[in-house]
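Take a look at the structure set out below.
Sequence lines set the chain letters: A, B, ... in the order given, protein chains first and strands last, and positions in each chain run from 1.
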2 protein chains.
Amino acid sequence: MAGTKQATTTVSGPEFACPVSPVVDIVFSRWTTPVLWALHTYGRQRFVELERRIGTITPKVLTQRLRQLERDGLVVRTYHPEVPPRVEYEISELGRSLAPLFAHLTEWGAAHLGRVEEARRAYDADPARPRP
Amino acid sequence: MAGTKQATTTVSGPEFACPVSPVVDIVFSRWTTPVLWALHTYGRQRFVELERRIGTITPKVLTQRLRQLERDGLVVRTYHPEVPPRVEYEISELGRSLAPLFAHLTEWGAAHLGRVEEARRAYDADPARPRP
DNA sequence: CCGTATCCTTACCGATACTG
DNA sequence: CAGTATCGGTAAGGATACGG
């Protein structure tokens with residue numbers, strides 16, 4: 001999805017087409033949920049820990065997401081001026097307020113994801129659907 | 001966002017990095033929430049109505065999203081073989097099960113979006129942050 | 001260790017034109 | 001009306017290498 005970008009580059013995206021879109025833009029842009037999840041689940045941690053935890057994310061993208069989340073006030077970055085430098089990230093109070101939302105999302109997934117898979121199989125198997 | 005694409009093109013995206021990601025991929029990819037919202041709020045309607053309601057979406061993209069949502073079982077498409085042809089879209093039972101989720105999202109936005117804006121202003125005004 | 005800088009690829013999206 | 005076809009632009013994302 002588009003992400004929060006720097007400010008407001010998009011002039012007429014989906015952002016204003018429905019009331020949930022602004023929230024989606026902030027919370028559910030690419031890679032943000034894994035980051036928030038790791039932070040929420042395993043607590044305050046360093047850059048490399050996050051990187052390893054998430055697995056396939058590149059440092060560049062991880063930095064981007066963390067900056068965005070920091071700017072939006074969902075994550076707190078703490079810089080310790082030592083050698084070697086140490087930086088820690090943690091969920092903010094505001095970020096923590098998303099926890100029930102994430103819980104509901106997970107629940108919905110557990111309850112209905114099977115249905116989605118099933119629907120996809122049915123759709124793909126139907127010879128009467130519009131073909132590419 | 002990436003979207004659900006046709007099946008599973010991405011080999012190592014965020015999809016498996018946290019339990020909410022699969023749901024996000026299905027429900028919160030670009031333009032899906034405005035479409036679902038319009039369908040949920042105004043009920044069963046035709047292609048052009050949706051197009052006009054959402055405002056800035058192009059027919060091509062609207063078709064893509066509708067197909068994806070149909071495939072995932074969140075939306076039901078009904079084709080009436082008349083002249084001129086008539087097609088109607090409506091939320092499925094499965095799609096309707098997302099309603100409480102959307103409500104919570106909207107609530108969260110109403111309660112906390114101001115905080116996010118505030119955090120952004122503070123961040124952008126801070127001269128000590130990492131500069132581009 | 002914690003990032004940045006650079007290059008490059010591709011997915012996505014808008015615009016436009018056209019068909020059953 | 002309800003789409004499909006094609007083209008092209010743009011920006012996010014990955015790979016890699018390097019710096020403080």
query: How would you list, by chain and number, every residue that makes a side chain to side chain contact (heavy atoms under 4.5 Å, CB included) with B/Arg121, sequence neighbours excluded?
result: B/Glu117, B/Glu118
- prompt: Can you list the residues that meet the side chain to side chain contact (heavy atoms under 4.5 Å, CB included) rule with A/Pro100, with sequence neighbours excluded?
  reply: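 Counting only residues at least two positions away or on another chain, A/Pro100 forms no side chain to side chain contact (heavy atoms under 4.5 Å, CB included).
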Starting the side chain at C-beta, find the nucleotide from [options] nearest to [X].
| X | options | result |
| --- | --- | --- |
| B/Val61 | D/dA2, C/dG14, D/dA15 | C/dG14 |
| B/Lys60 | D/dA2, C/dG14, C/dC1 | C/dG14 |
| A/Val87 | D/dC1, C/dG14, C/dG3 | C/dG3 |
| B/Arg77 | D/dG3, C/dC1, D/dC1 | D/dG3 |
| A/Val48 | D/dC1, D/dA15, C/dC2 | C/dC2 |
| A/Pro59 | D/dC1, D/dG3, C/dT4 | C/dT4 |
| B/Trp31 | D/dG14, C/dG14, D/dA2 | C/dG14 |
| B/Thr63 | D/dG3, C/dT4, C/dC1 | D/dG3 |

Between [X] ([atom1]) and [N] ([atom2]), how many Å, whole number?
| X | N | atom1 | atom2 | result |
| --- | --- | --- | --- | --- |
| B/Arg52 | D/dC1 | CZ | C1' | 10 Å |
| B/Leu66 | D/dT4 | CG | P | 10 Å |
| B/Arg30 | D/dT10 | CZ | P | 15 Å |
| A/Phe47 | C/dT4 | CZ | C1' | 10 Å |
| A/Ile57 | D/dG13 | CD1 | P | 9 Å |
| B/Arg67 | C/dC13 | CZ | C1' | 18 Å |
| B/Tyr79 | D/dA2 | OH | C1' | 9 Å |
| A/Leu62 | C/dT4 | CG | P | 11 Å |

query: Taking OP1 and OP2 of C/dC2, is either one under 4.0 Å from a side-chain nitrogen or oxygen of A/Arg46?
result: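 For C/dC2, OP1 or OP2 has a side-chain N or O of A/Arg46 closer than 4.0 Å.
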task: Give a yes/no answer on whether the side chain of A/Tyr89 brings an N or O atom under 4.0 Å of OP1 or OP2 in C/dG3.
output: yes
query: Using the C1' atoms of five pairs at each end, what's the angle between the two axes of the helix from C/dC1-D/dG20 to C/dG20-D/dC1, to 10 degrees?
result: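 About 50° separates the two local helix axes.
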query: Does some side-chain heavy atom of B/Leu101 sit less than 4.5 Å from a side-chain heavy atom of A/Leu105?
result: yes
- request: With sequence neighbours excluded, give me every ring pair (Phe, Tyr, Trp, His ring centres under 6.0 Å) pair touching residues 59-106 of chain A.
  value: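 The answer is A/His104-B/His104.
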message: Once salt bridge (charged side-chain N to carboxylate O under 4.0 Å, His left out) is applied, what residue pairs with a partner in residues 87-112 of chain A remain, sequence neighbours excluded?
response: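 Passing the test, one end in residues 87-112 of chain A: A/Arg44-A/Glu90, A/Arg86-A/Glu88.
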query: Will you find, in the side chains of A/Gln68 and A/Arg71, an N or O donor that is under 3.5 Å from an N or O acceptor?
result: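 No, A/Arg71 and A/Gln68 have no side-chain donor paired with an acceptor closer than 3.5 Å.
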message: To the closest 0.5 Å, what do you measure between CG (B/Leu62) and CD1 (B/Ile57)?
response: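 These two atoms lie 4.5 Å from each other.
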task: Could you pull out all residues at least two apart from A/His40 that satisfy ring-ring contact (aromatic ring centres under 6.0 Å, His included)?
output: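 A/His40: no ring-ring contact (aromatic ring centres under 6.0 Å, His included) contacts found.
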